[in-house]
Amino acid sequence: MGRHGTIAGRKAAQDSKRAALFTKYAKAITVAAKDGGDPEYNASLRVAIEKAKGISMPNDNITRAIKKGTGELGGVSYEELSFEGYGAGGVAVIVDCLTDNTNRTTSAVRSLFDKHGGNLGTPGCVSYMFSRKGVIEIEKTDEIDEDALMEAALEAGAEDMITNEDSFEIQTDPGAYTDVYQSLKDAGYEFVDSDIQYVPSMESTPEDHDIKKLRKMIDALEDNDDVQKVQTNCAVDIWADDED
């Protein structure tokens, strides 16, 4: 699994962190806009803008983020960082960040691993258990024909489609992600989530008491403005029966 469980559970978590998500999406737009501020000619920027609009980010915020990236507005320069380590129960964790202060972010991530029973490791210590993939998630509804979706995805260049309990997960090579994304969007499909991320090829199943610690660590990491995405190889839905 390595994700956030059911769509409903992840949507609830997302709604509770909408302000923080605006900050994260603005950073992603700013970084993408460095390669050009016109989304018609910058596929990465187009995808970042569409995702921001998907969480109802105001147009003014989007425009300001683009101008920061193109240099029209003064602003900071963000660096991409990736941290690897283990959470409670030996679950592999990869944390992707965008930061203007490497020391601050490194210190914060290390502290959160330590505080919640984890262990921040060295580059490569867990990434061998993952593959880098473009992932597009579409909610399973009566209106969507599974065979037609699979055909459209494969024709667009996708590698595979996985049918989950409440969604269809389309996986692509990272280089084909934006083409597949745009093709399916043009075909009228709506996305629950989409990104290039680490997909686990080896999974870990922690005990119940470790799941609670892992959940608290991921929550704390995602609350940090520098953290863009937290990925794990946890085989169970860590957000199920969340009473904390």
Side-chain angles (χ1 to χ4, degrees), residues 2-4 10-11 13-84 93-102 104-106 108-109 127 130 132-137 170-182 184-185 190-199 218-232:
R3 295 174 62 78
H4 286 343
R10 282 184 281 124
K11 281 183 176 178
Q14 189 180 72
D15 287 343
S16 70
K17 299 180 179 181
R18 190 159 301 275
L21 284 174
F22 284 174
T23 300
K24 297 176 191 294
Y25 278 58
K27 284 185 178 181
I29 291 171
T30 296
V31 171
K34 289 181 179 179
D35 293 327
D38 187 342
E40 184 176 349
Y41 301 103
N42 183 339
S44 296
L45 177 60
R46 183 170 63 248
V47 171
I49 290 172
E50 289 172 352
K51 290 173 65 178
K53 288 182 176 179
I55 61 166
S56 302
M57 180 185 285
N59 288 331
D60 286 349
N61 295 37
I62 293 172
T63 300
R64 188 162 55 250
I66 293 172
K67 288 183 176 181
K68 285 182 179 180
T70 59
E72 296 175 68
L73 287 179
V76 298
S77 178
Y78 297 115
E79 179 181 353
E80 295 183 58
L81 294 179
S82 185
F83 298 94
E84 301 180 31
V93 181
I94 299 178
V95 183
D96 290 333
C97 301
L98 287 175
T99 181
D100 61 342
N101 187 319
T102 300
R104 178 194 68 219
T105 305
T106 301
V109 171
S127 56
F130 296 78
R132 194 74 166 156
K133 300 282 186 183
V135 177
I136 299 168
E137 189 176 14
I170 295 155
Q171 296 186 357
T172 79
D173 179 89
Y177 165 71
T178 52
D179 288 341
V180 176
Y181 178 102
Q182 195 61 50
L184 292 177
K185 188 172 183 64
E190 296 183 0
F191 309 143
V192 174
D193 194 14
S194 68
D195 210 345
I196 296 176
Q197 61 190 53
Y198 288 97
V199 176
I218 292 174
D219 258 337
L221 285 166
E222 290 183 339
D223 282 341
N224 186 294
D225 286 345
D226 294 336
V227 173
Q228 292 294 108
K229 185 176 287 291
V230 181
Q231 299 134 117
T232 81

- Item | Contact check, side chains of Leu45 and Ile29, non-hydrogen atoms, under 4.5 Å | yes
- Can you pull the salt bridge (charged side-chain N to carboxylate O under 4.0 Å, His left out) pairs that have at least one residue in residues 65-75, sequence neighbours excluded? none
- Item | Residues Tyr181 and Thr172: side-chain donor-acceptor under 3.5 angstrom | no
- Task: Show the numbers, then the answer: is there a side-chain contact (heavy atoms from CB on, under 4.5 Å) between Ile136 and Tyr177?
- Result: CA-CA 8 Å; Ile136 299 168; Tyr177 165 71; 3.9 Å; yes
- Note on the structure: Here the gap from Thr23 atom OG1 to Asp226 atom CG, rounded to the nearest 0.5 Å, amounts to 10.0 Å
- Message: Please identify which of these residues, Asp225, Thr106, Thr105, meets the side chain to side chain donor-acceptor pair (under 3.5 Å) condition with Thr99.
- Response: Thr105
- Query: Heavy atoms, side chains only, cut-off 4.5 Å: are Lys229 and Ile94 in contact?
  - Reply: no
- Would Val93 and Phe83 count as a side-chain contact (heavy atoms from CB on, under 4.5 Å) if you check the C-alpha gap in whole Å, the side-chain angles of each, and the deciding distance to 0.1 Å? CA-CA 8 Å; Val93 181; Phe83 298 94; over 6 Å; no
- Query: Rounded to the nearest 0.5 Å, how far does SG of Cys97 lie from CZ of Arg104?
  - Reply: 10.0 Å
- Message: Less than 4.5 Å apart, side chain to side chain, heavy atoms only: is that true for Lys53 and Asn59?
- Response: yes
- Message: Treating Asp193 as the side-chain partner and Glu137 as the backbone partner, does any N or O pair qualify as donor plus acceptor under 3.5 Å?
- Response: no
- Task: Answer whether the closest heavy-atom distance between the side chains of Glu79 and Asp100 falls below 4.5 Å.
- Result: no
- Quick one: does Leu81's side chain get under 4.5 Å of Thr102's, heavy atoms only? yes
- Heavy-atom nearest pair, Ala108 first then Asn224, reads CB-ND2, 3.6 Å
- Query: Short question: side chain of Lys27, backbone of Gln228 - any donor-acceptor pair under 3.5 Å?
  - Reply: no
- Can you check whether Ile66 reaches Ile49 side chain to side chain, under 4.5 Å on heavy atoms? yes
- Query: Would you say the side-chain atoms of Lys34 pair up with the backbone N or O of Ser77, donor to acceptor, closer than 3.5 Å?
  - Reply: no
- Query: Should the pair Asp96-Arg132 be classified as a salt bridge under the 4.0 Å nitrogen-to-oxygen rule?
  - Reply: yes
- Message: Could you check whether any side-chain heavy atom of Ile62 comes within less than 4.5 Å of a side-chain heavy atom of Tyr25, counting everything from C-beta outward?
- Response: no
- Donor-acceptor pair, Lys133 side chain versus Val199 backbone, under 3.5 Å? no
- Yes or no on salt bridge (charged side-chain N to carboxylate O under 4.0 Å, His left out) for Asp195 and Lys51, after CA distance, side-chain angles and deciding distance? CA-CA 9 Å; Asp195 210 345; Lys51 290 173 65 178; 3.5 Å; yes
- Item | Ala26 backbone acceptor or donor facing Asn61 side chain under 3.5 Å | no
- Query: Are side-chain heavy atoms of Phe191 and Leu184 found at a separation under 4.5 Å?
  - Reply: yes
